[in-house]
Structures are given as C-alpha cells and as structure tokens.
Number of protein chains: 2
Amino acid sequence: MKVTKEQSTLNKEKILVAASKLYREHGIDGIGIGELSKSVGLTHGGFYRQFPEGKEQLVSEAIARTFDEYCAHWSTKRSAKSIVKGYLSSEHLQNKQDGCPMPTLAADVARAGGAVSETYTDGLRRMLTVISEKKDGDSDHTSEEKAMQMMASMAGALMIARASSDQALAKKFMSSVIKLWNDDTTTA
Amino acid sequence: MKVTKEQSTLNKEKILVAASKLYREHGIDGIGIGELSKSVGLTHGGFYRQFPEGKEQLVSEAIARTFDEYCAHWSTKRSAKSIVKGYLSSEHLQNKQDGCPMPTLAADVARAGGAVSETYTDGLRRMLTVISEKKDGDSDHTSEEKAMQMMASMAGALMIARASSDQALAKKFMSSVIKLWNDDTTTA
DNA sequence: ATTATCTATAGATCTATAGATAATGC
DNA sequence: ATTATCTATAGATCTATAGATAATGC
C-alpha cells in the first residue's frame, strides 16, 4: 500500500492537475474528494495525508496551479490583441477545463473567501502583469488600467457566452468584445 | 395544514423571492430545498406540490424573476452611463443578493444548461433591450454591439472585484471599466 | 372531496477520521 | 520504524417520495 516518496509526490501532482481541470468544469462544489481521488486511481482516505488541511488547502493549491498554467499560456502570445482573439474563440468557449479561471471560478471564489480568495487575488495580479508586458500601439507595454479593462470585458463576454443557450447570441457577445479592442486607438 | 388558495399562491411567491436572493448569494448548489423552505417558514415536503418538476423548475422560475426585477431596476436609469456607474458601485459590490444575476449566476447556469440556460438567455436578451433603449451621445438609442460590450465589461469587472481579497485591487477593476465608458466617444 | 402542507424516510451524496495494511527507507 | 494508502464508518447534508393530516371550497 505504501508507495515510494517519489510516487507519493507524483500522486499529489496528479490530484492537483485533476482538481484544476474538474473545478473549472464543474465548479468548486461540483466535485468531491471521493470522485476526485477516484479519477486519479486513489481512494479518498489517503487524501488527507497529502492535504492535511482538507478541501480548502486543495482548492487553494489547485487554483495557484491553474493561474500558473494560464499565465504561461498567455506568455506565449505576442500582443494583447492576440490574447483577446484567442480568449474569445470557440475553442475557449467550448473548453472550460483548460480555460481561464476567471469566467469559471471567480463567482465560486467570491463565495468561498478566505485563503482561496487570497490565492485567487495573487493569480489575478499575475495575469495583469503578463498583459502589461505586452506591446500596445506605440508603447512597449500596456497600462494597468487597460489590462484591467481587457480582462474584465473578456472574462465577462466568455462567461455570458457560456451561459447562453443561443449560440448566435454567444458569438455576438464574444465578437463585440473582440471588436472593442480591435477598433481601439488609445494608448493609455 | 391546508391553507387558502390565495395563501398558497403567496407561499410560492415567498419561495421564489427567497430563492432569487439566496441563489445570487450562495450559488445554485449552495441552497437546498430544505433550507429554502425553512427560510420562508415551510417544510420541504410541501415544496413538491408547488414545484412538481423539482429543483430545476424552481431555479428556472427564480431566475426569470431575478431578471424581471433587475431589468426593472435598470429601466429607472436615464442613460447607459448611469447604469454603468450604479453597476460598478461599492453598494452593488457588497450586495450580491439583490444585484445583477450575471456575475453571480452565469457560471452556475453554464454548468446547469437545459431549461435553466434557456430562461437565463431570455433574461440576457431582455437586459440588452433595456440598454439599447437608452440614449448614447447623439443617438436616442444604444447599439446592440455597444450594449453587449457594456454588459460583458461590467459583469466581468464586478465578478472579479468580488473574488478579490484586496479591496484596492477590486476598486481599480471597477473604476477602470467606469472610465472605459466615460471616456468613450464612439456612437456605434 | 380536494388539496396544501407536514412528518418520516429512502437513498445518494459530502467531508472527515480511525485504524489496518504493507511497502519504503532507515 | 515510518508512512502512503486503503477500508470502513460517522455524521451532515441533499433531492425526492409516500402517506398522514386538517382546512378549504364545493
């Protein structure tokens, strides 16, 4: 039953990766410790050795991982505009589990508060930093204010689009925000 | 035990009003039939006569009510800009239970799908209509595209602000979007 | 007689813990 | 000897249903 320390670390990794995806897909309350453990081939009893503080610890660590991953994805993009275009794509619309943690988890985090909210806030700051390092018009960086406007409008549009049962309406919300930043001429 | 038909209708109203508020505050999975019934002084057994199709019916009807209420609130505002200002206020930030159903419920609805998503989509369309009837610069109405951009950016900013444990960061997200629409000079 | 509500309960969850097990790592 | 995991279980939920109750409304 006992496994090597290396395997044990690997098991914790597997739990975090699975949690990160499953929380984005089904919400923080949508997945229990039992189902999560089973999804990586473990039982739920052993979970509490890996996460002695229980579910809140798991959620915090999984959210930190999710922002790591998502910031790394943005880092590969050349400009803020290309981030917006990729964000508001039908690929991202249909794929919650590997997508941005804002439209999927922000409401859950607002309800959870505590350590979860602090980890999340740290992730938001990291996302802002990534955008602010992108070029914007003449400037070699994007202002914090504009980065915030972009994040809010992208996250809102994708979240609304996912809630809509009307695909045409969903696409209109997404393309309206793409257009907002394509037609934009300010360099704040 | 049996009450008058009038009282019975009133009881259903009370359940819907309570559900509308509690869902915005705690999420759709955050309140059970038992707790909801108790909050209006009923037991959960009688719930299924009022809502024969169960929780999904309740959620759909409660969401329709929420949009009714929220659209009525917007209708009292003079301009699209005044809607934005009221939306991104600390009052709205702190008061989920009477606030807009986009930042609180859109992610839950995306997960729920089905009839809930259809009711929600209808509500989104009604919100668009209310904004589009507001003046915008020279024009006596606001374009659908601009209404969508406003809704997405407002909903995103408020949702992110509520998830943030840093109040200063929360306010910055909100004021960035207020500024986006105050500095705006286009009339699409 | 009809029916709105209540009581009681079934069957599935959920988080968390206790103690057993068995392999690692000293 | 230590410890990562498993088994079993406690105690709280959750949605939903069956049948009892008692007041309405014919």
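We name chains A, B, ... by the order of the sequence lines, and we start the count at 1 in each one. Just so it is clear, the structure is predicted and the values come from calculations on it, not from any experiment.
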Only pairs under 3.5 Å count here: list side-chain donor-acceptor contacts from residues 172-180 of chain A, not counting sequence neighbours, and write none if there are none.
from, atom 1, to, atom 2, distance (Å)
A:Lys172, NZ, B:Glu144, OE1, 3.0
A:Ser175, OG, A:Lys171, O, 3.0
A:Ser175, OG, A:Lys172, O, 3.4
A:Ser176, OG, A:Phe173, O, 2.8
A:Lys179, NZ, B:Glu145, OE1, 3.3

Protein heavy-atom contacts under 4.0 Å, written 5' to 3' over nucleotides 16-26 of chain C as B (base), S (sugar-phosphate only) or - (none), form the string BB---BBBBS-
Can you measure A:Phe51 atom CZ to D:dT5 atom C1' for me and round it to whole angstrom units?
14 Å
Please tell me if A:Arg49 has a side-chain N or O lying less than 4.0 Å from either OP1 or OP2 of D:dT5.
no
Figure out the CG/C1' separation between B:Asp29 and D:dT15, and round it to whole Å.
12 Å
Partner set under ring pair (Phe, Tyr, Trp, His ring centres under 6.0 Å) for B:Trp181, not counting sequence neighbours:
none
So, does A:Ser164 use its side chain to make a donor-acceptor pair with the main chain of A:Ile160 at under 3.5 Å?
no
Euclidean distance, atom CD1 of residue B:Ile28 to atom P of D:dT15 [Å, nearest integer]
12 Å
Phosphate-side-chain proximity, A:Gln7 and D:dT5, N/O vs OP1/OP2 below 4.0 Å
no
Quick one: pull up CZ in B:Arg111 and CD1 in B:Ile28 and give me the separation to the nearest 0.5 Å.
9.0 Å
Here the salt bridge (charged side-chain N to carboxylate O under 4.0 Å, His left out) pairs for residues 91-102 of chain A, sequence neighbours left out, are A:Lys21-A:Asp98
Applying salt bridge (charged side-chain N to carboxylate O under 4.0 Å, His left out), which residue pairs with at least one partner in residues 155-167 of chain B are found, sequence neighbours left out?
A:Arg125-B:Asp166
Exercise answer: donor-acceptor pairs, residues 39-52 of chain B side-chain atoms, under 3.5 Å, sequence neighbours excluded:
from, atom 1, to, atom 2, distance (Å)
B:Ser39, OG, B:Leu36, O, 2.7
B:Gln50, NE2, B:Ser8, O, 3.0

In residues 12-25 of chain A, which ones come under 4.0 Å of DNA chain D, going by heavy atoms?
none
Using side-chain hydrogen bond (donor to acceptor under 3.5 Å, both in side chains) as the criterion, list what pairs up with A:Ser37, not counting sequence neighbours.
none
Under the ring pair (Phe, Tyr, Trp, His ring centres under 6.0 Å) test, which residues partner B:His26, sequence neighbours left out?
none
Using whole Å, what does the distance between atom C1' of nucleotide D:dT13 and atom NZ of B:Lys38 come to?
12 Å
Using a heavy-atom cut-off of 4.0 Å across all strands, would you classify B:Ser8 as base, sugar-phosphate, or nothing?
sugar-phosphate
The dot-bracket string of DNA chain C, counting Watson-Crick and G-U wobble pairs with both distances under 3.5 Å, using [ ] for crossing pairs and | for pairs to another strand, is ||||||||||||||||||||||||..
Whole Å only: how far is the CD atom of B:Gln57 from the P atom of D:dT15?
15 Å
Residues in side-chain hydrogen bond (donor to acceptor under 3.5 Å, both in side chains) with B:Glu13, at least two apart?
B:Arg65
Distance-only check: which donor-acceptor pairs under 3.5 Å involve side-chain atoms of residues 78-86 of chain A, not counting sequence neighbours?
from, atom 1, to, atom 2, distance (Å)
A:Ser79, OG, A:Ser82, N, 3.1
A:Ser82, OG, A:Ser79, N, 3.3
A:Ser82, OG, A:Ser79, O, 2.9

